[in-house]
Asks: 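What follows is a single structure, and I will ask about it in a moment.
The model shown is predicted, which means the values in this text are computed figures rather than measured ones. In each ligand, atom 1 is the first atom listed, and ligand 1 is the first ligand listed.
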Amino acid sequence: MNFDYDLFVIGGGSGGVRAARVAASETGAKVGLAEDDRYGGTCVIRGCVPKKLMVFASEYGEMASEARSYGWDIGDGDFNWTTFRGKLNAELDRLEGVYRKLLANAGVTTYDARAIIKDAHTITLSSGEDITAKHILVATGGRPVRPERENADLGIVSDDIFHLDELPKSILIIGGGYIACEFACIMHGLGVEVTQYYRGAQVLRGFDEEGRGLVAESMRERGIDLHTGTDIIEMGPAGPGGKAGDPVRVKATNGSERVFDTVLFATGRAPNSDNMGLEEVGITLGRKGQIEVDEYSQTAVPSIYAIGDVTDRVNLTPVAIREGMAFVETVFRGNPTPVDHELIASAIFTQPEFGTVGLSEEAAAEQEPIEVYCTSFRPMQTAFADKPDRVMMKLVVSKASRRVLGCHIVAPNAGEMIQLAGIAVKMGATKEDFDRTVAVHPTMSEEIVTMKTPIRTA
Ligand code: FAD
């Protein structure tokens, strides 16, 4: 049978763009791609990139006071949201243009349309056009979800934060995951009064407990009013407004009742798999709506594959990209390549940052006997400026194999450090390999190779 395309990709985000581009430019496949919003997807338009630029913006606030401690004669200034947002939008426009160009240069035909699946080889676009393809790749990502409660539509979600007309004076952030904690630090750094409610006992569930504790402590020390074990009981409009982003009166389980200029729900994300005809053609969806795939990202329909957040495996940009590359290798180069989801380093861009690779102390202790090497101290740069900030370096080591099972760093620029530590851990480095490595002095990260005695065994 003759198809319009060898490959049709649904979704022009991190995974979809990479798979389309590589399949077209490196294997000569005829490729089409549909995107119903902006090219670049979550990461570029409403995730990693704008968030990191906001992290940078938020960090300048403290620099003036630190610089004064080092002898600089600098006054505090004000942050201008409108100026920043203008530059941010221009940068996102530029990046979207880059993504469009990458696809065009690779020879991918793009459709600015929503796509749904009609049958194992047919896609229907929102324009009404039907397109056939030998292979279909679903890379539709995910979206933020509001909790199901009365007046939840008064709150905003992470997508909205980049478009605020002005910065609120006060914000209530609901949630304890990495997105909630990152935005709490960002907003605080930009001068917003931040309150955060999380119903669990500690933020950043799933990460190393000592690291979570230090991040939470640092957030509180900086002035974020973080309440764990706390949730909303009731919320309603505080004035005549009544649309998302307007002031909200909130009653909480901790007994407080107050008005916040803005409420941000960072309470989870859902895969974009609704109303796409997926189950109708035989694709299996999981409990959260994620597309079920095998290790090669193949769905229950052999001609249809899925990658990235819509499969809800490890929801990170570099993972979506890896899955896209492995898909091309498997399907267009005849080299079946499963994606390795083990020992993925990642970072949470709180202040301080939290970089992590491998098992938390708690997960490792459940698996086998371990030794824990950990140090927490005030780093030279901020201690000199009389700041209370502490950092943490931690290695979780297998007693039997001596391999480093987990490395956890809470420190400024921990994201940069963990990328490099991740190579050693991925290579299977032992504690003794770390010990053999001569320290770089004076740095914070030298502690990672100079910890001599375990502080605990388990
Ligand atoms: P996406 O990038 O979401 O792309 C999917 C695309 O498909 C979208 O453009 C969407 O419009 C389009 N689409 C959906 N349905 C259809 C349809 N039916 N037809 C046509 N097009 C459709 N990851 C990190 O690694 N580091 C970070 O620091 C980080 N920070 C983040 C911060 C925030 C606030 C958020 C929300 C996410 C963050 N992530 C981060 C996660 C990262 O953005 C995602 O893991 C990544 O974008 C997933 O890529 P994807 O290709 O699966 O989907």
Side-chain angles (χ1 to χ4, degrees), residues 8-21 32-55 92 95-96 99-100 103 110-117 123-127 131 136-145 156-162 173 175 177-184 186 264-278 289-291 293 297 306-325 327 344-350 353-355 415 418-419:
F8 197 88
V9 179
I10 308 181
S14 306
V17 167
R18 178 62 67 93
R21 186 166 68 78
L33 180 147
E35 167 56 55
D36 74 341
D37 194 338
R38 296 185 65 184
Y39 287 75
T42 303
C43 173
V44 176
I45 305 296
R46 47 195 171 268
C48 329
V49 172
K51 172 199 80 184
K52 191 79 189 280
L53 290 168
M54 283 182 81
V55 169
L92 301 188
L95 288 173
E96 187 183 5
Y99 273 78
R100 278 184 184 272
L103 289 169
T110 52
Y111 298 84
D112 292 356
R114 180 175 152 79
I116 61 170
I117 293 182
I123 299 105
T124 303
L125 298 181
S126 43
S127 58
I131 292 175
I136 297 171
L137 179 67
V138 184
T140 48
R143 62 180 185 283
V145 286
I156 61 168
V157 292
S158 64
D159 287 359
D160 306 318
I161 209 140
F162 310 108
I173 297 180
Y178 83 93
I179 293 176
C181 293
E182 287 178 342
F183 279 115
I186 289 169
L264 166 69
F265 287 113
T267 43
R269 295 179 61 78
N272 283 329
S273 60
D274 298 349
N275 306 320
M276 282 189 62
L278 301 175
Q290 76 275 20
I291 297 181
V293 289
S297 300
I307 55 165
D309 284 10
V310 74
T311 61
D312 195 30
R313 287 175 280 180
V314 180
N315 296 335
L316 293 170
T317 285
V319 179
I321 290 174
R322 277 295 169 101
E323 290 167 357
M325 299 288 280
F327 159 77
I344 294 168
S346 67
I348 301 167
F349 296 98
T350 40
E353 294 177 7
F354 186 178
I418 206 69
Q419 177 68 84

Asks: Of all the atoms in ligand 1, which lie at a distance below 4.0 Å from a heavy atom belonging to Arg38?
Replies: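 Going through ligand 1 atom by atom, the ones under 4.0 Å from Arg38 are 9 (O).
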Asks: How close do Phe327 and Ala19 get, counting heavy atoms only, and between which atoms?
Replies: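 Where Phe327 meets Ala19 most closely, the heavy atoms are CD2-CB, 4.2 Å.
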Asks: My understanding is that we take every heavy atom of each candidate and find the minimum distance to atom 24 (C) of ligand 1. Doing that for Asp37, Thr140, Leu316, Asn272, which one comes out nearest?
Replies: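 Among Asp37, Thr140, Leu316, Asn272, the closest heavy atom to atom 24 (C) of ligand 1 belongs to Leu316.
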Asks: Look at atom 21 (N) of ligand 1 and find which of Asp36, Val310, Thr42, Ile161 reaches it with the closest heavy atom.
Replies: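 Answer by nearest heavy atom: Asp36.
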Asks: Pro318 heavy atoms, cut-off 4.0 Å: which ligand 1 atoms fall inside?
Replies: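 Within the 4.0 Å cut-off of Pro318, ligand 1 contributes 25 (O).
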Asks: Which heavy atom of the protein is the closest neighbour of atom 9 (O) of ligand 1, given with residue, atom name and distance?
Replies: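 Atom 9 (O) of ligand 1 sits closest to the protein heavy atom Glu35 OE1, 2.7 Å.
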Asks: If you measure every N/O of Asp309 against every N/O of ligand 1, is any gap under 3.5 Å?
Replies: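 Yes.
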Asks: With heavy atoms of Ile10 as the reference, note each atom of ligand 1 found under 4.0 Å away.
Replies: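 Answer, ordered by atom number: 17 (C), 19 (N), 20 (C).
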Asks: Would you mind listing which atoms of ligand 1 come within a distance below 4.0 Å of any non-hydrogen atom of Gly15?
Replies: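 Near Gly15, meaning under 4.0 Å from one of its heavy atoms, ligand 1 has 51 (O).
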Asks: Nearest non-hydrogen atom to atom 28 (O) of ligand 1 belongs to which of Arg46, Lys51, Met54, Arg313?
Replies: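 Among Arg46, Lys51, Met54, Arg313, the closest heavy atom to atom 28 (O) of ligand 1 comes from Lys51.
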Asks: Tell me: protein heavy atom nearest atom 18 (N) of ligand 1, and distance?
Replies: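 Closest protein heavy atom to atom 18 (N) of ligand 1: Ala115 O, 3.0 Å.
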Asks: Salt bridge (charged side-chain N to carboxylate O under 4.0 Å, His left out) with Arg143: which of Asp160, Asp274, Asp309, Asp37?
Replies: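 One option only clears the test, and that one is Asp274.
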Asks: Can you sort out which atoms of ligand 1 are near Tyr178, meaning under 4.0 Å from one of its heavy atoms?
Replies: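 Listed by number with element: 29 (C), 30 (N), 31 (C), 37 (C), 38 (C), 39 (N), 40 (C), 41 (C).
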Asks: Taking atom 47 (O) of ligand 1 as the point of reference, which of Pro50, Gly40, Cys43 owns the nearest heavy atom?
Replies: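 Considering heavy atoms of Pro50, Gly40, Cys43, the nearest to atom 47 (O) of ligand 1 sits in Cys43.
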Asks: Under 4.0 Å from ligand 1, counting heavy atoms only, is it the side chain of Pro144, its backbone, both or neither?
Replies: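 For Pro144, no heavy atom sits under 4.0 Å from ligand 1.
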Asks: Is a donor on one side and an acceptor on the other found under 3.5 Å between the side chain of Ser14 and the backbone of Thr317?
Replies: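 Not a single qualifying donor-acceptor pair exists.
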Asks: Using a strict cut-off of 4.0 Å, indicate which atoms of ligand 1 neighbour a heavy atom of Gly308.
Replies: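 Per the distance check, 52 (O).
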